[in-house]
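Okay, structure first, notes after.
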Amino acid sequence: MSWQGELNRFLASAYKNWIISRRNIFTVFELFFWPMVSLLSIGLLTRFLAVEGSMVSFLLVGAIALTILQVAQIDVAYVLLFDMWSKSIKNTFIAPIRSYHLVFGALLFGILRGCVVFLILVAVSGHLFGFNFLAGGIFPVLAFLAGIFAMAASIGITVCISILTFGQKADVAAWSLSGLILLVSGIYYPVDVLPPLLQALAWAIPLTYFLEYYRSIFIPGPHHLAWGCALASFYLILGLILLDRAIERARRTGILLRLSE
Amino acid sequence: MVARMKGKSVQASGICKRYKSFFGRSSTILDNISLDIDAGDIFGLLGPNGSGKTTLISIFSTLIYPEAGSLSILGMDARRNRNAIRKCINISTAKPNFPWSLTVKENLRHYGMLYGLHGSALSRTVRDQIDAFELGEFQDHRFEDLSTGLKQRLSLAKAMLNHPSLIFLDEPTTGLDPDISIKTRQLIRRIHEEEGISVVLSTHYMPEAEMLCDKIAFLRQGRIVALDTPHNLKRHLALGERIAVSYQGEADLAALEEQPGILGLKAEKGRVEIIVDRGEESLDGIIKLFAKAKITDIAIKEPDLEDVFIELAR
Ligand SMILES: Nc1ncnc2c1ncn2[C@@H]1O[C@H](COP(=O)(O)OP(=O)(O)OP(=O)(O)O)[C@@H](O)[C@H]1O
Ligand SMILES: [Mg+2]
């Protein structure tokens with residue numbers, strides 16, 4: 001198979017997600033409304049509490065990270081959710097594709113949407129709250145975003161695995177994962193304030209490290225970016241292996257057929 | 001094309017499929033299915049609801065895996081060469097479903113991409129299938145707005161995207177009106193003849209199986225209860241032709257039963273239905289026995305697969 005053919009197997013999922021989102025009015029909510037709500041509510045909160053400059057950046061970085069994470073992860077999850085909702089999952093899995101084609105294709109579109117949201121939020125937070133996201137140069141921004149997207153892929157994969165393992169409605173359990181991440185990975189407060197057990201959990205989540213790294217540009221302090229990258233890669237690879245196994249299992253148990261009934 | 005005609009498209013032996021319920025009880029869906037399908041044939045799977053046709057098609061197409069048995073598709077081992085097999089087969093599922101908001105053309109593009117088509121080959125293939133299945137007028141209609149017949153046609157077009165050597169069609173004409181059904185059957189015939197593609201199809205509609213299939217397997221409760229050509233199936237089940245005679249007066253029914261070639265007899269007042277081996281050959285002898293009576297009507301009915309179905313499903 002030529003490289004263009006191989007590339008198109010990835011792009012197929014991006015193409016599908018792109019058209020479905022283009023025709024879906026709720027895309028506007030996903031891309032503009034909810035990100036704005038979360039940014040403005042945090043930004044205004046900092047004004048009300050008369051928070052000092054460095055804390056404003058701490059909170060805004062957290063709000064933006066969480067928003068982008070949610071936008072990108074849902075795109076990865078959509079690759080199977082759309083198939084499940086339209087009962088067309090058989091047609092996808094009869095094709096000679098691997099789990100990584102689906103995941104990375106959908107992630108590609110997730111990254112695109114994530115970047116659009118990021119640019120909007122950067123512009124708005126600069127304009128309204130005088131916070132310059134690019135103060136540390138372009139590399140930290142890219143590293144930060146890459147970390148968030150890797151994290152988003154892992155969460156999206158988890159959603160896909162639970163659908164294939166537990167069937168429809170299982171996605172609800174997986175969504176709670178991003179709630180857990182919100183709680184422990186230091187989005188709105190430093191990890192130090194957590195009880196020890198949750199702190200240990202926090203340091204098992206790559207996002208914690210990426211937040212720590214990016215904030216160190218505005219509030220100088222130590223960071224462990226390398227650890228974050230290692231962990232993120234580990235989860236991504238583990239996720240892909242488990243997704244492959246979940247697909248094989250769904251073929252053995254016949255869940256794959258029941259998902260398209 | 002000629003090379004495709006040789007060999008077997010499907011070789012299955014001892015295929016078993018069980019499903020475990022949530023509480024651990026397992027039910028057997030397919031029980032020791034063994035069958036060979038010649039390459040180039042149209043092969044029919046018949047059987048009552050729940051007999052396992054869809055499950056068997058799903059196993060043959062490597063969509064799901066059996067618990068036991070060996071399976072080879074187009075000469076390739078289904079356990080070791082799944083991806084290679086998936087490249088040369090395709091399926092049109094019962095109740096075809098595709099992403100709703102994609103148009104006909106977009107759906108074909110999307111699945112074409114999944115099969116690794118790209119550039120002008122992708123555009124050409126999509127266009128060719130749209131033409132072949134007469135979808136041009138509807139190419140920009142969303143899937144959710146299509147009629148059942150068009151959905152079925154899109155599904156067949158999708159099944160041809162990767163130029164497969166073997167396609168599986170699960171109930172390709174269910175839910176279609178008679179006119180569209182005939183058209184769909186012609187399309188299947190054409191795919192088979194022009195492209196030399198082997199076809200495995202399931203159906204509830206007996207004339208369809210009789211019209212299209214070179215061979216038929218009849219499934220009941222997960223087992224194959226008969227496997228033969230439509231012609232032989234009718235013969236072996238002794239479903240002879242029926243001669244219905246209406247008459248007035250006296251007829252020697254006892255002598256009728258003694259006649260050679262008579263398989264059965266159903267008599268009512270003034271009417272008798274005789275099941276015979278070969279209609280024309282017995283006719284003369286039968287009529288002689290009605291010498292004292294006046295025949296008012298006589299009709300010969302050939303057996304059809306409907307009769308086979310009813311007989312086997314019992
Ligand atoms: N995923 C599944 N889990 C448990 N049982 C299943 C599953 N899929 C199918 N079955 C059962 O397997 C049996 C065979 O189903 P299958 O769909 O293969 O039959 P069929 O011959 O295609 O029927 P129909 O003519 O109604 O399409 C049925 O009793 C069905 O309830
Ligand atoms: Mg079926």
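Chain letters run A, B, ... following the sequence lines, proteins first and then strands; every chain starts at 1.
In this structure, the portion of B:Thr93 lying under 4.5 Å from any heavy atom of chain A is its side chain and not its backbone. Contacts between B:Arg18 and chain A at a heavy-atom distance below 4.5 Å are absent for every atom of the residue. Looking at B:Glu144, there are no atoms closer than 4.5 Å to chain A (heavy atoms on both sides), in backbone or side chain. Residue A:Phe82 does not touch chain B at all, counting heavy-atom pairs closer than 4.5 Å. For a residue to count as touching a neighbouring chain, one of its non-hydrogen atoms must lie under 4.5 Å from one of that chain's; by this rule B:Leu122 touches chain A with the side chain only. Proximity to chain A (any heavy atom under 4.5 Å) is shown, for B:Thr103, by both the backbone and the side chain. With a 4.5 angstrom heavy-atom cutoff, B:Ser61 touches chain A via backbone and side-chain atoms both. Heavy atoms of B:Lys158 lying under 4.5 Å from chain A belong exclusively to its side chain. For a residue to count as touching a neighbouring chain, one of its non-hydrogen atoms must lie under 4.5 Å from one of that chain's; by this rule B:Tyr111 touches chain A with the side chain only.
A:Trp34 CH2: 12 or fewer foreign heavy atoms inside a 6.0 Å radius. The environment of NZ in B:Lys151 is crowded: more than 12 heavy-atom neighbours from other residues, nucleotides or ligands sit within 6.0 Å. Atom CZ of A:Arg22 is surrounded by more than 12 heavy atoms from other residues, nucleotides or ligands within 6.0 Å. Heavy atoms from other residues, nucleotides or ligands lying under 6.0 Å from CZ of B:Arg82 number more than 12. Dense packing is recorded around CG of A:Leu142, with more than 12 heavy atoms of other residues, nucleotides or ligands lying under 6.0 Å away.
Between chain B and the residues A:Leu256, A:Ile20, A:Leu7, A:Leu102, the most heavy-atom pairs under 4.5 angstrom are made by A:Ile20.
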Practice item. Would you please test A:Arg23 and B:Arg142 for side chain to side chain contact (heavy atoms under 4.5 Å, CB included) and show each step? Key: CA-CA 11 Å; A:Arg23 304 237 162 98; B:Arg142 294 187 189 187; 3.1 Å; yes
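In this structure the side chain of B:Leu63 reaches within 4.5 angstrom of the side chain of A:Arg251, judged on heavy atoms. Proximity of B:Lys95 to A:Lys87: side-chain heavy atoms (C-beta onward) are nowhere separated by under 4.5 Å. In this structure the side chain of A:Tyr15 reaches within 4.5 angstrom of the side chain of B:Glu106, judged on heavy atoms. Looking only at side-chain heavy atoms (C-beta outward), B:Asn83 and A:Arg98 come within less than 4.5 Å of each other. In this structure, B:Tyr115 and A:Pro96 have side chains that are in contact, with non-hydrogen atoms separated by less than 4.5 Å. At least one side-chain heavy atom of A:Leu257 sits under 4.5 Å from a side-chain heavy atom of B:Tyr19. A 4.5 Å side-chain heavy-atom check between B:His118 and A:Arg9 finds every atom pair outside the cut-off.
A:Leu108 pairs by the side chain to side chain contact (heavy atoms under 4.5 Å, CB included) definition with A:Leu11, not counting sequence neighbours. Judged as a salt bridge (charged side-chain N to carboxylate O under 4.0 Å, His left out), and not counting sequence neighbours, B:Arg25 has no contacts.
The distance from the OG atom of A:Ser86 to the CG atom of B:Leu102 is 9.0 Å, given to the nearest 0.5 Å. To the nearest 0.5 Å, atoms CZ (A:Phe93) and CG (B:Leu114) are separated by 10.0 Å. The NE2 atom of A:His101 sits 12.0 Å away from atom CE of B:Met113, with the distance rounded to the nearest 0.5 Å. Note that OG of B:Ser101 and CD1 of A:Ile19 are 8.0 Å apart. Values are rounded to the nearest 0.5 Å.
A donor-acceptor pair is defined here as one N or O able to donate and one able to accept, closer than 3.5 Å; no such pair exists between the side chain of A:Lys90 and the backbone of B:Ile91. Between the A:Asn91 side chain and the B:Asn97 main chain, a donor and an acceptor come within less than 3.5 Å of each other. A distance-only check finds a donor-acceptor pair linking the side chain of A:Asn8 to the backbone of B:Leu117 [under 3.5 Å].
The shortest heavy-atom contact between A:Lys16 and B:Pro99 is CD-CG, 4.0 Å.
A side-chain donor from one of A:Glu248 and B:Tyr65 sits under 3.5 Å from a side-chain acceptor of the other.
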